[in-house]
Protein chains: 2
Amino acid sequence: MGRGKIEIKKIENITNRQVTYSKRRAGIVKKAKELTVLCDAEVSLLMVSSTGKIHEYISPSSTHKNIYDRYQQASGTNLWQPHYERMQETLQKLKETNNKLRKEIRQRNGEDLDELNFQQLRGLEQNMEKSVECVRNRKFHVITTSSDTLKKKMKNHEETHNSLLRQFEERDADFRFPSLDFEGDYQSTIEFANGNPQIFAFRLQPKLQSNLQDEEAYGSYGLSLA
Amino acid sequence: MGRGKIEIKKIENITNRQVTYSKRRAGIVKKAKELTVLCDAEVSLLMVSSTGKIHEYISPSSTHKNIYDRYQQASGTNLWQPHYERMQETLQKLKETNNKLRKEIRQRNGEDLDELNFQQLRGLEQNMEKSVECVRNRKFHVITTSSDTLKKKMKNHEETHNSLLRQFEERDADFRFPSLDFEGDYQSTIEFANGNPQIFAFRLQPKLQSNLQDEEAYGSYGLSLA
DNA sequence: GGATCTATTTATAAATT
DNA sequence: TAATTTATAAATAGATC
């Protein structure tokens, strides 16, 4: 090398070490360039100095990533490739499933029926008739239950009201008010009902109801899918 | 270098190129080792020959992955992390969408109705009634169309048959067969019908038909989802 | 295809500016 | 601290085995 043979062992003098690092780094990069050009090779050279600084050389036609990937591939150390591929597959399958589901929904919504034959259409029709029956039953169940709850609430109100009336009567017996039955308190019942539209709703016949909000009724149910 | 200054440009002679590659590769690896020891540096050196073979040097205390990761960190070239994260997100969203779609299908199938309130149930019911009407209409359209096609086929058969009869009569006039009308050829009509069940099927009232295959009819329509 | 030899160029440690 | 010089070791192209 220079003035006298040098020993290949760690240079302890930090300034010297850094100077040597600079010079030799330039040297090795030059060698890498020459290898690239002369031998039509691809070289990825990464160097980390003892102070943590990173220097690099990469053949112009390539990238560190590309060469590193090929190295991993060759050495069988690549745990990424299969993982990535599996992810891609899963994604594809999910998308397909998604499209099938959407199609089924469209068909159950009366669209996209062109490719169904008579047999399938009849099956779909029968299934939907059965299903709408389930929904109807559930609807009645819900309305019956909430009706019961409401009746209980009404009953409670009635009792409270009567109890208050009784207390009032007892306290101010002097006035001799007539005893009022809650059932006859027409005005109060109307007010209660107006604040709770459902009270009327459940009293209507289902068939009549169906015609009330025909168009947008299902809007609140529909899912918004991105 | 050797006997006379050499020009740094691609060696076209393939044998020479490979020889030079071997020698210089040994040289650059030696330099990398020296840099590692002398300067306490970490070196990751990957070389791909023009024939695709990979050679490497890595400082004993390190790994290619470690140095490559630090390089990516430092250069902000880590395009993987965000890509991977985006993939995970997409996957998650697709799964959620999928579940929503499945739920909608279940609800349109009369299941999983517990969490719908009265309003939503009514909307669903109305929507399904409208949809089943679409399916029914489509069904009738299909059956009408195929019925027309069938009528045409029948007409053709009838004409051909009559034409054949006429030819037969004319050729063998001596036998004085009575002229047969196709309409009266009861046996032949029955045979034709037995070979083509659909002929009878489309003559049945839709309502009667619906009751024929009540249970598994929709099976052929259902999607099988993994 | 590689191993060795050799003439010459190249790299570079140390000195100098 | 960095660029330049210089003396010498190291690398290596081409030849030969």
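The figures that follow rest on heavy atoms only: side chains count, while hydrogens, waters and symmetry mates do not. All of these numbers come straight from a predicted model, not from anything done at the bench. Just so we're on the same page: letters track the sequence lines, and every chain starts at 1.
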To the nearest Å, how far apart are [X] [atom1] and [N] [atom2]?
X	N	atom1	atom2	answer
B/Leu38	C/dT12	CG	P	10 Å
B/Ile28	C/dA11	CD1	P	11 Å
A/Arg25	C/dA11	CZ	P	16 Å
B/Asn13	D/dA13	CG	P	13 Å
A/Glu34	D/dA11	CD	C1'	10 Å
A/Tyr21	D/dA2	OH	C1'	18 Å
B/Glu7	C/dT10	CD	P	12 Å
A/Ile8	D/dA9	CD1	C1'	11 Å

Any pair with a residue in residues 44-71 of chain A that passes ring-ring contact (aromatic ring centres under 6.0 Å, His included), sequence neighbours left out, goes on the list, sorted by first then second residue, please.
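Checked against ring-ring contact (aromatic ring centres under 6.0 Å, His included) - neighbours excluded - the pairs reaching residues 44-71 of chain A are A/His64-B/Tyr71, A/Tyr68-B/Tyr68, A/Tyr71-B/His64.
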Consider only side-chain N and O atoms of [X] and [Y], and report whether a donor and an acceptor are under 3.5 Å apart.
X	Y	result
B/Ser61	B/Ser59	no
B/Glu111	B/Asn109	yes
B/Arg17	B/Ser50	yes

Taking only the side-chain heavy atoms of B/Lys31 (C-beta and beyond), determine which of C/dA13, D/dA10, D/dT12 contains the nearest atom.
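For the B/Lys31 side chain, the nearest candidate turns out to be D/dA10.
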Test of understanding: with ring pair (Phe, Tyr, Trp, His ring centres under 6.0 Å), list the residues that count as partners of A/His83, not counting sequence neighbours.
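In terms of ring pair (Phe, Tyr, Trp, His ring centres under 6.0 Å), with neighbours along the sequence ignored, A/His83 is linked to A/Trp80, B/Tyr84.
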Salt-bridge test for A/Arg108 and B/Glu104: reply yes if a basic N is under 4.0 Å from a carboxylate O, no otherwise.
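Salt bridge flag = no for B/Glu104 with A/Arg108.
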Taking 4.0 Å as the cut-off, does a side-chain nitrogen or oxygen of A/Lys30 come that near to OP1 or OP2 on C/dA11?
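Checking C/dA11 against A/Lys30, a side-chain N or O does come within under 4.0 Å of OP1 or OP2.
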Under-3.5 Å N/O pairs linking protein and nucleotides 14-17 of chain C:
residue: C/dA14; atom: N6; partner: A/Lys23; partner atom: NZ; Å: 3.1

